[in-house]
Structures are given as structure tokens and as C-alpha cells.
Visitor: 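Right, I'll just put the structure down here and ask away after.
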Amino acid sequence: MQDYILKSRYDAVVIGAGHAGCEAALALARTGQNTALMTINLDNIAFMACNPSIGGTAKGHLVRELDALGGEMGVNIDKTMLQIKMLNRGKGVAVQSLRAQADKNLYHREMKKTLENTPNLTIVQCEATEILTDGEKVTGVVSNYNSLFECKTVVVATGVYLNSDIISGDYKQFSGPSGFLNATKLTDSLIKLGFNVRRFKTGTPARLDKRTIDFSKFSIQPGETDIYPFSYLTPELPENKEPCYLGYTNKKTHEIILKNLDRSPLYNGFITTTGPRYCPSIETKVVRFEDKERHQIFLEPEGLDTNEIYVQGMSSSMPIDVQEEMYRSIEGFENCKFMRYAYAIEYDCIDSLDLLPSLEYKKVKGLFTAGQINGTSGYEEAAVQGLIAGLNASMYLQNKAPLILGRDQGYTGVLIDDLVTKGTDEPYRMMTSRAEYRLILRQDNADERLTPIGKEFGLVTEERWQNYLLRRELQSKIMKELQTVVPYKDAKPFVEERTPGEVISPLSYADMIRRGVKIKDIKERFNAFDYAPTDLLDTAETDVKYEGYIKKELDAIEKANKIKSKGLPVDIDYMKIDGLRIEAREKLNAIKPLNLDQAQRISGVSPADIAVLMVWLKTKYE
């Protein structure tokens, strides 16, 4: 038996303190589990290795959902933001998303402070080297100090740190992001436990010294003030402190890149791993979209205490001399100085098809994974997985059923279902197009959808619950006031001024919205809804304006739920079911779907296979 120099006992251990690890540890501790959070360096807790921002298209939805369930990311970005905006203003409300620039160092410090002051949570700086099991159950985690953390459940949230390499040109450094140490032992343990380990890649742009940038050559992008914050607990919108700037690459930039493609690790074979399709490097964009004369770049401040400027849109793994040449070809960057060079990072991750919908590993009870180790990309995607994995690890300890959100309940449910049902061959990024029920799953109504679920699972505090009840009361009041009828003589000029068509009768506020009038105009003209917060007014306006479409989505959800109710026992041997194609049998046996709804989304399972399964279920169990 192995001798350890130190032993400690916990209910749960979380490996990694990035965005997934922080949420997992908080979910466990806040639901009463004595939890240890292991991190290679306390200075990389909630560290923003790439863009200094939270939110974005579909990602804003995830943060609002996480907050509604009782998570921390929304609270933390509201405390540390430099500016906030609503993306996709010109598009439908379903795809509009919040995005905030973060004070990078402050974000880290505030999250660290929250973790340090959370009861039931101990933070330890060390590297996890091995996960121990007894048969099919977790028993502990071993550290690089040869100390043992005995526990009954583990959440692995190692981000991009497993055997990671930093690459710029032909330079390769065996390290984690931004010079942090990487994790060199745990991959071998995961392989021994039966995980299918693969290797992915992502990247980041350079950071420039803002004192060497001519900002007059860029378009200023200020924050907005007529929107709501990320967290339902934040009483008012934080102040916008710093602007961003918009600029463009040019023909010369593209010529420099194309001239040096033979030195690009992406094109000379030095990098062979899979990168994110929806967040490509600048060299990939120039090659892929050769007809474009320019590409957008955004200049984003990294914090109030630093001169570093993040150049979004210029991710690269080019050699540093090429980086300097191509950056300085951009108007406004002629004299720029580099504080950090761009790089690509390769790392180990697992095949997410190895996981149950609870994010528990199929082969070891009590072992959960979350974040980029599951093949995803992005802080927000990691954070929601962390919360779900941590909460389900807590449910495991309490012998309770896990939280498995449906695709009709949240973008979080869509993300996890995609991972465990379809898998991913590239770093997965959440997008609104992945969700079938976008009009239902808006960011403005996340608390209405998910806070009761968070309350049921013990993660929603009394403060948050009282806030939720107050909001439902206000929502009811708004819907009642929307029935207020405005006399014809007042309604006619007001509505005809704003929308086409003639008004021939009195109109209620709801009628006006259906004709295209904005609720904020109604509020200003008739002194209405003075008690209502912005996001609740947005919710009311959307619910009225798109009432017919929302009903269609609800009907579709009802039909899907009927299929979902056809559960599939986990011990089915699909190889023995006549009529199923060989590919379908193999895929179904590997994934073990929970129901027909999940089964029909598996790649390689056809409608004909589903029909065979339905007949088989009827003859076997009815």
C-alpha cells in the first residue's frame, strides 16, 4: 500500500480553479459538502488567459442562466466590469446577448476572495497527479507532494493545462497559458481510468502597450447605459469606465501573412491538433476568406491597473518577428510595442461521449469533468459545466437524482446534451443557432426558467429566492397593466406616429406592442410601468410581441417531451436488437441515451432506427 506523507479527508475534491473549477467548488461547498479546491497556482484562480471579457453571443445567455441557478460568474463580472454592451441590437431579441469587458486582475482577485470566504471550502496550491478508485468508485486524489486527499467524489476541471504547449512560430514551450506551470501527470491517470484522451488547440492574440497606440485612427466603442447587468442580484447597472475601439486589418497586413505562411505552424505542419472553427487565427481568416480586403479587430483594455491592450481578432501562432510586422502594418499600430506575444496552445482533453448527461464519467462513479477538458472553448461554457458538475457531485454524495437540464430549459442543457450525445471533434463553442427553442431560451427570462430549479437543488440562497419572488410579482403587475386601454383620441396620434397603418379604435398597451410600438415609448408617454426593471419590461414586450411564435415553440416542446418520456434502460444491449443498423447499434451502445429524444440526436442513428426502437420498447416493456 502506498505511503503518503500527508493525508486529509474531504467530501469532494475539485481539480483546477479556472472558471469551471470555481463554479464547481462553490456549488459543492454551498450545498454543504466539505470541499478541497486544488490549483497549480493560486494566482491563476479564475484567470482570463484569453479575452478580458464575459458574455457575447449565446455566451451572455449562459452567464444569465448560471446566475439564475445560483452561480458566481454573473455576480463577479458585475463587480469588476469596465464596460457593458448588448450585442446584436439590430437582430431579433432571441439572439441579443450581453457582453462586458472585465478588469482582468480585479476579476481574479474578487473570485479568489469569494472562494476564500466560502464556508466548507479549502483552497490548496498543488498539482493533482492521480485519481484513486476502489473498483468503480472514486476514493481520492494524490498531489505532487505525495499527499492524499481522500474523498468520495472528484470534479476534474483542468482547462488547457494538461500537458500543454505554447507555440509561436518554431518556438515551443512546455507550459500552461501566460507562463503558468502546466499539469504533467494527470493525463496518465485519466488514461488508466479508461478515458479516451485527445488533443485540441486554441490561441490568443498579442497584448500591446496602450501608450504606443494611436487611438485616433480607431473608432471608439463606448459602453451602454440602458441595459441590465448580468446578475439578478446586482441592484443597478455598474458604471462604464473604459471604452473599446474598432479597427481593421488591410491589404498590406494580409500580404505579410500570406508571404510568411511557410513559417506558420498552422500551415507548415508544426501544429497538427484541432483548433476552434468559430474563433480562427488571423492567418486562417486571411487564407479562408481571401476575397476580403480587411478584417475587424477590437482593442480591449485589460484593466485599470495595466497598460495592456488585448487585440481581439488577431489571434496568431506566427513567429514573433512576423507578428510585429503584421501588427505594425495596421493604421494606428505603426509604433506599437508588444507586452505579450500571440501564441497557440495545445492541450489534452477527453472525448465528451465518455460522459453521462450529468457530466459523470460512465466508468467511474463519483468522477465528474467540466470545462475545456470536455472539449469546449470559452469561459462561459466552462463555468456552466462547472456548476452542473459540482451540483451533481453534491447530489451524488446525497444519493439524490442529478440535475439534467433539457434542451428546452436552457442553453446550458443544449451545450451539455450536444457534448454527451453528439460529441465534438473541435473546441466546442456555444452559439444561438445550436438551440431549437431560442425564443423561449432568452437571456431576459433566465431566472423565470431556472431559479426554481436552483432552489430545488439547494443552490439558490434566500436572498436570491426573495428577489425571484419579487420579480414574479412585478411581472404579474406589468402583464396586468398591459391591458390598460388608451382612448382613441390619444392612441391614434401616438401609434400612427411610430408605426404604419391607421388606428380606428381605442388600443391597450398590449395592442400597441403588437403593432410595433416599443414598451419604453409607452412608458415615457403614459407614465406607465415606473416600478419595473428594464429586463422585466423587455420580457413583457417580447412575450406580447411574439405571443404566437412562442406558442408554436411551446407546442413543439410538448411534442418533444412526449418522445422524451419514452425512457431507455441503461442496461440495454443494442447489439441484440434486430432491425437496427450496425452503426446505430454501435453508437447507441457507446452513448447509452436516457430516452428516445436523446437517441434521435445521436450522429449515425436514423429515423428508421428510432422507429425500430419504439417498436422494440413497446413489445418489451408494455
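Values below: all heavy atoms of this structure, side chains included; hydrogens, waters and symmetry mates excluded.
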Visitor: Side chains of N374 and T369: do they bring a donor and an acceptor to under 3.5 Å?
Guide: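 Yes, because at least one side-chain N or O of N374 sits under 3.5 Å from a partner of the opposite role on T369.
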Visitor: Between T253 and T249, is there a donor-acceptor pair closer than 3.5 Å when you use the side chain of the first and the backbone of the second?
Guide: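 It does not hold such a pair.
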Visitor: Listing request: all ring pair (Phe, Tyr, Trp, His ring centres under 6.0 Å) pairs with a residue in residues 153-195, at least two apart in sequence or in separate chains.
Guide: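 For residues 153-195: F47-F180, F195-Y361.
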Visitor: What I want to find out is whether R449 reaches E65 closely enough, with some N-O distance under 4.0 Å, to be called a salt bridge.
Guide: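 E65 and R449: salt-bridged.
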Visitor: Identify the heavy atoms of A342 and S168 that sit nearest to each other, and give their distance.
Guide: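 Taking A342 first and S168 second, the nearest heavy atoms are O-OG, 2.7 Å.
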Visitor: So, using ring-ring contact (aromatic ring centres under 6.0 Å, His included) as the criterion, who are the partners of Y341 when residues are at least two apart?
Guide: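 Partners of Y341 under the ring-ring contact (aromatic ring centres under 6.0 Å, His included) test: F338.
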Visitor: Closest approach of T204 and A49, non-hydrogen atoms and distance?
Guide: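 Scanning both residues, the minimum pair turns out to be OG1-O, 3.9 Å.
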Visitor: Within the supplied structure, the quantity of interest is the number of heavy atoms (other residues, nucleotides, ligands) at a distance under 6.0 Å from L181 CG; does it exceed 12?
Guide: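 Counting neighbours around CG of L181, 12 or fewer heavy atoms of other residues, nucleotides or ligands fall under 6.0 Å, so no.
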Visitor: Looking at D351 and R198, is any side-chain nitrogen of the basic one under 4.0 Å from a carboxylate oxygen of the acidic one?
Guide: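 Answer for the salt bridge query: yes.
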Visitor: Answer yes or no: is there a side-chain heavy-atom contact under 4.5 Å between M326 and I282?
Guide: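 Yes, side chains in contact.
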Visitor: Strictly distance-based, threshold 3.5 Å: is any side-chain N or O of T114 a donor or acceptor partner for the main-chain N or O of E110?
Guide: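 A pair under 3.5 Å: yes.
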Visitor: If you look at every heavy atom in M38 and C126, which pair is closest and at what distance?
Guide: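 In this case the closest contact between M38 and C126 is CE-SG, 3.5 Å.
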Visitor: Restricting to salt bridge (Lys or Arg N to Asp or Glu O under 4.0 Å), what partner residues turn up for E426, sequence neighbours left out?
Guide: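 Once residues adjacent in sequence are excluded, the partners of E426 under the salt bridge (Lys or Arg N to Asp or Glu O under 4.0 Å) criterion are R277.
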Visitor: Using the rule given for salt bridge (Lys or Arg N to Asp or Glu O under 4.0 Å), can you reason through D165 versus R199, listing the C-alpha separation, both sets of side-chain angles and the distance that settles it, and then say yes or no?
Guide: CA-CA 11 Å; D165 291 310; R199 202 152 173 84; 2.9 Å; yes
Visitor: Kindly write out the residues that satisfy salt bridge (Lys or Arg N to Asp or Glu O under 4.0 Å) with D417, not counting sequence neighbours, or none if the list is empty.
Guide: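 For D417, the residues satisfying salt bridge (Lys or Arg N to Asp or Glu O under 4.0 Å) (neighbours in sequence not counted) are R407, R601.
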Visitor: Check the pair T39, V124 against side chain to side chain contact (heavy atoms under 4.5 Å, CB included), reporting the backbone distance first and the verdict last.
Guide: CA-CA 6 Å; T39 177; V124 185; over 6 Å; no
Visitor: Should we say atom NZ of K362 is surrounded by more than 12 heavy atoms from elsewhere, each under 6.0 Å from it?
Guide: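 Counting other residues, nucleotides and ligands, NZ of K362 exceeds 12 neighbours.
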Visitor: Check this for me, if you would: do R263 and D321 make a salt bridge, where the nitrogen-to-carboxylate-oxygen distance has to be below 4.0 angstrom?
Guide: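 Salt bridge present between R263 and D321.
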Visitor: Just checking K259: does its NZ atom have more than 12 heavy atoms from other residues, nucleotides or ligands closer to it than 6.0 angstrom?
Guide: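 It does: K259 NZ has more than 12 such atoms within range.
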Visitor: Side chains of N163 and T184: donor-acceptor distance under 3.5 Å anywhere?
Guide: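 There is no such pair (donor and acceptor under 3.5 Å, judged by atom type) between the side chains of N163 and T184.
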Visitor: Considering residues at least two apart in sequence or located in another chain, which fulfil the ring-ring contact (aromatic ring centres under 6.0 Å, His included) criterion with F200?
Guide: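 F200: no ring-ring contact (aromatic ring centres under 6.0 Å, His included) contacts found.
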Visitor: Nearest heavy-atom pair of V570 and K592: which atoms, and what distance?
Guide: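 Nearest heavy atoms, V570 then K592: O-CD, 3.4 Å.
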Visitor: Step by step, would you call L594 with I404 a side chain to side chain contact (heavy atoms under 4.5 Å, CB included)?
Guide: CA-CA 11 Å; L594 299 183; I404 299 174; 3.9 Å; yes
Visitor: Indicate whether the side chain of D348 and that of T187 have a donor and an acceptor atom separated by less than 3.5 Å.
Guide: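 Yes.
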Visitor: Can you spot which of T35, V141, I131 makes a side chain to side chain contact (heavy atoms under 4.5 Å, CB included) with V13?
Guide: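 Only match with V13 under side chain to side chain contact (heavy atoms under 4.5 Å, CB included): V141.
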Visitor: Determine, stepwise, if the pair K59 / E381 fulfils salt bridge (Lys or Arg N to Asp or Glu O under 4.0 Å).
Guide: CA-CA 7 Å; K59 293 169 178 281; E381 288 90 339; 2.8 Å; yes
Visitor: Where do M318 and Q323 come nearest, in terms of heavy atoms and distance?
Guide: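 Taking M318 first and Q323 second, the nearest heavy atoms are O-NE2, 2.8 Å.
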Visitor: Would you check if there is a donor-acceptor pair between the side chains of S97 and T57 at a distance under 3.5 Å?
Guide: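 Checked: T57/S97 side chains show no N/O donor-acceptor pair below 3.5 Å.
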Visitor: Looking at OG of S189 and CD of E130, how far apart are the two atoms once the value is rounded to the nearest 0.5 Å?
Guide: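 Those atoms lie 5.0 Å apart.
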Visitor: Taking CG in N268 as the centre, count heavy atoms belonging to other residues, nucleotides or ligands within less than 6.0 Å. Is the count above 12?
Guide: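 Yes - once you tally the heavy atoms of other residues, nucleotides and ligands closer than 6.0 Å, there are more than 12.
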Visitor: Could I get the full list of side-chain hydrogen bond (donor to acceptor under 3.5 Å, both in side chains) partners for E302, not counting sequence neighbours?
Guide: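 In terms of side-chain hydrogen bond (donor to acceptor under 3.5 Å, both in side chains), with neighbours along the sequence ignored, E302 is linked to K104, R207.
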Visitor: Could you check S329 against N250 for side chain to side chain contact (heavy atoms under 4.5 Å, CB included), going step by step and ending with a plain yes or no?
Guide: CA-CA 8 Å; S329 69; N250 54 52; 4.3 Å; yes
Visitor: Quick one: are N76 and F230 in side-chain contact, heavy atoms under 4.5 Å?
Guide: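 With C-beta onward as the side chain, the pair stays apart.
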Visitor: Using the side chain to side chain donor-acceptor pair (under 3.5 Å) rule, pick out the option among Q312, Q101, R99 that qualifies with S53.
Guide: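 Exactly one pass, corresponding to R99.
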Visitor: Please list, chain by chain and in numerical order, all residues satisfying side-chain hydrogen bond (donor to acceptor under 3.5 Å, both in side chains) with E23, sequence neighbours excluded.
Guide: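 With neighbours one apart ignored, the set is empty.
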Visitor: Would D103 and T80 count as a side-chain hydrogen bond (donor to acceptor under 3.5 Å, both in side chains) if you check the C-alpha gap in whole Å, the side-chain angles of each, and the deciding distance to 0.1 Å?
Guide: CA-CA 6 Å; D103 187 315; T80 60; over 6 Å; no
Visitor: Would you check if the side chain of K112 reaches a backbone N or O of D43 as a donor-acceptor pair within less than 3.5 Å?
Guide: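 Side chain of K112 to backbone of D43: no pair is present.
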Visitor: Answer yes or no: is there a donor N or O on one side and an acceptor on the other, between the side chain of R438 and the main chain of A94, under 3.5 Å?
Guide: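 Judged by distance alone, no pair lies under 3.5 Å.
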Visitor: Apply side chain to side chain contact (heavy atoms under 4.5 Å, CB included) to the pair V197 and C349, showing each step before the final yes or no.
Guide: CA-CA 6 Å; V197 172; C349 58; over 6 Å; no
Visitor: State, to 0.1 Å, how close V384 and L62 come at their nearest heavy-atom pair, and which atoms those are.
Guide: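 What the structure gives for the nearest pair is CG1-O, 3.4 Å.
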Visitor: Under 3.5 Å, side chain of Q83 to main-chain N/O of Q221, donor-acceptor pair present?
Guide: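 Side chain of Q83 to backbone of Q221, a donor-acceptor pair under 3.5 Å: yes, one is there.
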Visitor: Listed by chain and number, what are the salt bridge (Lys or Arg N to Asp or Glu O under 4.0 Å) partners of D408, not counting sequence neighbours?
Guide: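 Per chain and number, D408 pairs via salt bridge (Lys or Arg N to Asp or Glu O under 4.0 Å) with K564.
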Visitor: So is K172 actually on top of F270's ring, under 6.0 Å and inside 45° of the axis?
Guide: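 Judged by the rule (NZ or CZ under 6.0 Å from the ring centre, within 45° of its axis), K172 counts as positioned above F270.
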Visitor: Any side-chain to backbone donor/acceptor pair from Y379 onto N51? Under 3.5 Å, distance only.
Guide: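 Such a contact is found between Y379 side chain and N51 backbone.
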Visitor: F457: which residues meet the ring-ring contact (aromatic ring centres under 6.0 Å, His included) condition with it, sequence neighbours left out?
Guide: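 If we apply the ring-ring contact (aromatic ring centres under 6.0 Å, His included) test to F457, skipping adjacent residues, there are no hits.
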Visitor: Kindly state each residue pair satisfying ring pair (Phe, Tyr, Trp, His ring centres under 6.0 Å) with at least one member in residues 59-87, sequence neighbours excluded.
Guide: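 Counting only pairs at least two positions apart or across chains, the ring pair (Phe, Tyr, Trp, His ring centres under 6.0 Å) contacts touching residues 59-87 are H61-Y411.
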Visitor: Are any of the side-chain nitrogens in K201 or E346 under 4.0 Å away from the carboxylate oxygens of its partner?
Guide: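 The answer is no: the pair does not qualify as a salt bridge.
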Visitor: Does atom CG of D262 have more than 12 heavy-atom neighbours from other groups under 6.0 Å away?
Guide: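 Correct, the count exceeds 12.
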Visitor: In terms of side-chain geometry, is the basic nitrogen of R340 or E308 positioned less than 4.0 Å from the acidic oxygen of its partner?
Guide: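 Salt bridge: yes.
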Visitor: Do Q372 and S377 pair up side chain to side chain, a donor and an acceptor below 3.5 Å, judged on atom types alone?
Guide: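 There is no such pair (donor and acceptor under 3.5 Å, judged by atom type) between the side chains of Q372 and S377.
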Visitor: Could I get the full list of ring-ring contact (aromatic ring centres under 6.0 Å, His included) partners for Y396, not counting sequence neighbours?
Guide: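 Expected list: none.
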Visitor: Tell me, please, which residues at least two apart from R30 pass salt bridge (Lys or Arg N to Asp or Glu O under 4.0 Å).
Guide: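 Expected list: E72.
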Visitor: Looking only at the side chains, is there a donor atom on one of S316 and E283 sitting less than 3.5 Å from an acceptor on the other?
Guide: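 Indeed, the side chains of S316 and E283 share at least one donor-acceptor pair under 3.5 Å.
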